[in-house]
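Indexing begins at 1, ligand by ligand and atom by atom, following the structure's order.
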Amino acid sequence: MKLKKGDTVLVITGKNKGKTGRIEQVSPKINQILVTGVNIIKKHTRPTKKNPHGGIIQINKPISASNVLLLCPRCNKPTRVGIKMLDKSKKLRICKKCKESVEQWTN
Ligand SMILES: [Zn+2]
């Protein structure tokens, strides 16, 4: 998986198509990412002692990493991520459109 926590992504397919958000969490083994504000499921809850009126709770669910493109922080375009080898062990992720690094220096 070439996506990392803190990346901003654009959803390109599925019911959340067109939405953008920041990655909160990545699960490389199952190829899923949790994107803030994308794929919010509303769940109706029955009244309980804690919450006597019941109501609707919102859960942010993960989506498939293959449904998104990275939004390049340099050129602001949705792009696939390329890898550039700096030396034998150091990899840098680059934007395939503008060829600039897409690493977030803050965080
Ligand atoms: Zn770019």
Side-chain angles (χ1 to χ4, degrees):
M1 157 132 29
K2 287 173 181 169
L3 297 168
K4 283 185 187 171
K5 185 181 171 185
D7 285 343
T8 302
V9 292
L10 168 72
V11 184
I12 50 162
T13 185
K15 63 179 161 78
N16 294 293
K17 188 176 173 180
K19 287 188 183 172
T20 59
R22 252 177 89 115
I23 299 180
E24 266 318 292
Q25 210 179 306
V26 292
S27 312
K29 280 182 188 164
I30 52 171
N31 203 40
Q32 289 204 318
I33 53 173
L34 186 69
V35 185
T36 309
V38 173
N39 206 23
I40 306 277
I41 307 287
K42 282 184 184 163
K43 203 176 167 187
H44 294 263
T45 56
R46 292 175 176 279
T48 57
K49 272 186 186 165
K50 226 176 165 185
N51 185 5
H53 300 290
I56 299 166
I57 53 167
Q58 298 193 334
I59 307 168
N60 205 166
K61 292 264 206 179
I63 58 171
S64 170
S66 52
N67 286 359
V68 305
L69 281 179
L70 181 76
L71 268 184
C72 172
R74 315 280 164 222
C75 66
N76 241 332
K77 285 176 188 155
T79 181
R80 303 237 167 244
V81 180
I83 298 288
K84 187 178 171 187
M85 296 298 288
L86 289 183
D87 57 46
K88 277 177 192 162
S89 58
K90 264 193 174 170
K91 283 184 207 164
L92 191 68
R93 297 183 305 153
I94 57 160
C95 166
K96 286 204 171 169
K97 294 217 165 113
C98 66
K99 313 288 181 203
E100 293 287 333
S101 162
V102 296
E103 303 297 348
Q104 305 281 356
W105 305 115
T106 54
N107 185 15

Which residues share a side chain to side chain donor-acceptor pair (under 3.5 Å) with S64, sequence neighbours left out: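 Expected list: S66.
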How long is the gap from NZ on K96 to OG1 on T79, to the nearest 0.5 Å?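 Rounded to the nearest 0.5 Å, the NZ-OG1 separation comes to 8.0 Å.
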Approximate separation, where rounding is to 0.5 Å, of T20 OG1 and N16 CG: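 Result: 11.5 Å between the selected atoms.
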Looking at every heavy atom in both [X] and [Y], which two are closest together, and how far apart are they?
X   : Y    : value
V38 : N60  : O-ND2, 2.8 Å
C75 : K97  : SG-CB, 4.4 Å
R74 : E103 : NH2-O, 3.1 Å

What are the protein N/O/S atoms, named by residue and atom, that sit under 2.8 Å from the Zn ion (ligand 1)?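 Less than 2.8 Å away from the Zn ion (ligand 1) sit C72 SG, C75 SG, C95 SG, C98 SG.
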